[in-house]
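Numbers for residues simply follow the sequence, beginning at 1.
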Amino acid sequence: SDRPSVPYFENSIDAFMKLRILCGPSFAKPETAGDGLPPILQIPQLRIEASGQVKEISLRSNRRAFLFGDIFGAGAKDIEARLESQPLASCRDSIEGRFALVTVDENGVCDICADRHGKLDLYHTQVDGGAVFATTLDLLPGGNHFSAFDPIALAHVLCVYGSRPP
């Protein structure tokens with residue numbers, strides 16, 4: 001691969017990472033994206049694109065794993081063994097950091113999880129018989145239409161009703 005090797009157990013200064021996972025028949029072609037995110041994996045009915053810190057983790061089973069972001073702590077050094085022997089949710093619960101983990105098996109079945117504390121946002125939508133997962137709203141189909149705030153919704157979010165004694 002022409003992608004530089006990045007140690008996945010060390011903190012980095014890469015503060016912003018973009019990730020998009022396109023699942024379904026309408027996203028199988030490379031021309032469906034068009035916003036410059038480089039493809040990490042392209043197989044029938046699944047396309048993974050990312051920028052920032054990305055690490056492919058070698059697994060002995062017929063699965064591939066990808067780590068997007070930073071992990072650290074006791075569980076970081078043996079992440080390969082954990083991914084081989086535990087479900088993805090258990091692996092997520094044993095490591096710390098701001099990350100997304102993706103596993104893909106030989107049939108193209110994809111499992112996705114974000115860190116347990118929600119440090120990395122992961123949005124999703126269904127479109128054209130498929131699904132799209134992304135770390136920012138602008139990476140979702142139609143995501144660029146969020147150009148103005150809804151003043152009524154903003155007022156509801158920012159207002160605190162009632163009183164709080166001193």
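Interatomic distance, CZ of Arg98 versus CZ of Phe72, reported as 12.0 Å (0.5 Å rounding). Going from atom CG of Leu122 over to atom OG1 of Thr135 covers 7.5 Å, rounded to the nearest 0.5 Å. Atom CD of residue Glu84 and atom CD1 of residue Ile57 lie 10.5 Å apart, to the nearest 0.5 angstrom. The CZ atom of Arg64 sits 10.5 Å away from the CG atom of Leu59 when rounded to the nearest 0.5 Å. Between atom CG of residue Leu22 and atom CG of residue Leu37 there is a gap of 9.5 Å, rounded to the nearest 0.5 Å. Distance CG/Leu83 to CG/Leu88: 6.5 Å, rounded to 0.5 Å.
No side-chain heavy atom of Lys18 sits under 4.5 Å from any side-chain heavy atom of Glu49. Ile40 places none of its side-chain heavy atoms less than 4.5 Å from the side chain of Glu56. In this structure the side chain of Thr136 never reaches within 4.5 angstrom of the side chain of Asp121, judged on heavy atoms. Taking 4.5 Å as the limit, some side-chain heavy atom of Ile48 sits within range of a side-chain heavy atom of Phe68.
The two atoms that bring Leu41 and Phe66 nearest to each other are CD2-CE1, 4.0 Å, heavy atoms only. Across every non-hydrogen atom of Leu139 and Leu19, the tightest pair is CD1-O, 3.7 Å. The shortest heavy-atom contact between Gly129 and Pro25 is O-CD, 4.2 Å.
For the ring pair (Phe, Tyr, Trp, His ring centres under 6.0 Å) test, residues two or more places apart in sequence or in another chain that qualify with Phe133 are His124.
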Would you sort out whether Arg60 and Glu80 count as a side chain to side chain contact (heavy atoms under 4.5 Å, CB included), showing the intermediate values? CA-CA 9 Å; Arg60 290 186 309 266; Glu80 293 93 348; over 6 Å; no
All N/O donor-acceptor pairs, side-chain side in residues 103-114, below 3.5 Å, sequence neighbours left out:
residue: Asp105; atom: OD1; partner: Asn107; partner atom: N; Å: 2.9
residue: Asp105; atom: OD1; partner: Gly108; partner atom: N; Å: 3.1
residue: Asp105; atom: OD1; partner: Val109; partner atom: N; Å: 2.9

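Each side chain to side chain donor-acceptor pair (under 3.5 Å) pair with one or both residues in residues 86-95, not counting sequence neighbours, appears once here: Arg82-Ser94.
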